[in-house]
Amino acid sequence: MSEIPSGLHYTEEHEYLKPTDEDDVFLIGITDYAQGELGDIVFLELPSPGDTFARMDVFGTIEAVKAVSDLYCPVAGEVIEVNQALDDDPALVNAEPYGEGWMVRLRVTDPDELEDLLDEEGYRALID
Amino acid sequence: MSDNLKHTPLHEEHLRLDAKIVPFAGWAMPVQYPSGIRAEHEAVRGAAGLFDVSHMGEFHIEGPEALALLRTVCANDAAALEVGQAQYSALLTDEGALIDDLLVYRTGDEAWLLVVNASNLEVDRTWILSHAEGLELTFDDRSDETALLAIQGPASSGIVARLTEVDLDSIGFYRFARGEVAGVPCLIARTGYTGEDGFELYHDAGDAPGLWRALLEAGAPDGLIPAGLGARDTLRLEVGYPLYGNDLDREHSALESGLGWVVKLDREPFIGRDALLRQKEEGVTRRLVGIRLEGKGFPRSGYPVVVGDEEVGVVTSGTMSPSLGEGIALAYLPLEHAEPGTRVAVRIRGRDLEGTVVRPPFYRDGSLRR
């Protein structure tokens with residue numbers, strides 16, 4: 001059974017947005033279910049601080065041993081930090097998808113867009 | 001998962017082990033177990049892995065004219081085989097196109113076992129039978145009744161030895177013997193697709209679950225784990241073995257695919273020989289080569305190979321090599337770019353990643369001893 005923490009926002013493409021201490025800043029990563037489906041993650045191509053994305057823009061790619069997948073930005077925003085630790089250890093995404101395996105810190109442009117994302121129950125219904 | 005997929009006799013075992021099941025050549029096959037492709041790959045390189053490859057097809061051909069048929073449809077020379085010996089071979093069209101690659105085992109003076117790719121089974125059977133008319137032989141497709149387990153890795157021999165009376169040391173590379181393993185009658189072949197020492201065990205489908213469990217139990221202390229098609233693919237690619245449907249197809253001739261050693265052009269006629277002789281005389285214009293990439297990013301099937309701004313080829317198989325930690329690929333390149341040491345790049349989603357043409361295998365430290 002995949003872990004789906006409450007209090008996060010989810011997309012149908014298996015990214016999550018996790019709240020931080022700042023109201024309009026969120027961490028983006030992929031869900032426990034997604035990392036399980038991808039298998040061993042070996043490389044991530046991530047954006048740079050300052051890059052801006054519209055909702056559902058591709059913000060990066062994730063390489064597993066067998067396959068490569070696009071990463072979608074759940075809501076519009078500006079990247080303010082990228083998780084450098086993934087450069088050396090991309091498997092953190094497998095080990096701790098909601099913790100040390102986060103990918104980018106995003107300042108959200110329009111908080112209203114969050115309402116279109118799934119909550120814990122909605123996401124569980126999607127993957128079950 | 002759509003259920004018109006065929007199930008191997010070990011399907012329930014895979015489900016119980018929580019394997020991820022994917023469609024492959026019409027079969028529901030385990031692509032990986034919860035340990036993951038990397039761990040399965042490393043188990044095979046360092047200890048042993050157990051693969052269910054029961055989707056492969058098995059044709060038994062027997063009779064006084066069986067050899068004549070094989071010498072007509074197979075490009076290698078089956079007459080060179082002794083009883084108890086196997087060889088890698090190829091089925092070609094009249095034009096020299098590759099229908100399939102296969103293994104040919106000589107099981108008796110006039111008895112042969114052909115092992116073909118699941119994806120080509122129907123085509124192969126029709127093709128072979130169309131050339132068997134009027135010949136004194138029997139053709140028996142026992143694919144559905146036959147299960148195939150591959151135990152691969154340096155610990156394989158020690159594990160199997162605990163379950164059999166057969167003297168495994170007497171079975172050389174590409175040789176086989178008959179005998180019981182864990183009480184199950186098997187054809188025990190020292191063959192494989194990983195670059196490691198190991199065995200392929202052909203047996204009755206009904207015996208498969210018992211043999212599977214016995215091997216996993218006997219090998220657990222040595223680090224044996226079940227391994228799926230994902231690891232099978234990274235393992236075979238590291239040692240440069242081509243895969244039909246990716247690296248081998250009807251668009252590229254056996255000479256271009258690096259199978260020149262399989263095609264015995266100096267013997268009496270077989271199907272495709274004339275076309276290949278012509279091609280050999282004229283010279284091939286492209287060749288299947290290995291490419292080893294530097295830096296981060298991994299090649300995948302379909303990515304362009306570029307020199308400068310010119311697209312010179314396409315990746316036919318590519319992966320991150322778990323043993324090397326680098327991207328490796330096979331690709332057909334024009335001869336002027338096919339020499340080992342040539343600098344090329346693979347275009348990975350718009351970015352060119354530099355690499356070097358190499359002669360496979362990429363990984364040379366396997367336990368396989370020829």
[X] to [Y] - nearest heavy-atom pair and separation:
| X | Y | answer |
| --- | --- | --- |
| E45(A) | R349(B) | OE1-NH2, 2.7 Å |
| V65(A) | R300(B) | O-NH1, 2.8 Å |
| D40(A) | I37(B) | OD2-N, 3.2 Å |

When rounded to the nearest 0.5 angstrom, what is the spacing between NZ in K66(A) and CG in L229(B)?
9.0 Å
For the side chain of K296(B) and the backbone of F43(A), is there at least one donor-acceptor N/O pair under 3.5 Å apart?
no
Inspect the surroundings of [atom1] in [X] and state if more than 12 heavy atoms from other residues, nucleotides or ligands are less than 6.0 Å away.
| X | atom1 | result |
| --- | --- | --- |
| D128(A) | CG | yes |
| E12(A) | CD | no |
| E294(B) | CD | yes |

Among G297(B), G318(B), P322(B), single out the residue with the greatest number of heavy-atom pairs under 4.5 Å to chain A.
G297(B)
Heavy-atom check, side chain of F298(B) versus side chain of V68(A), under 4.5 Å
no
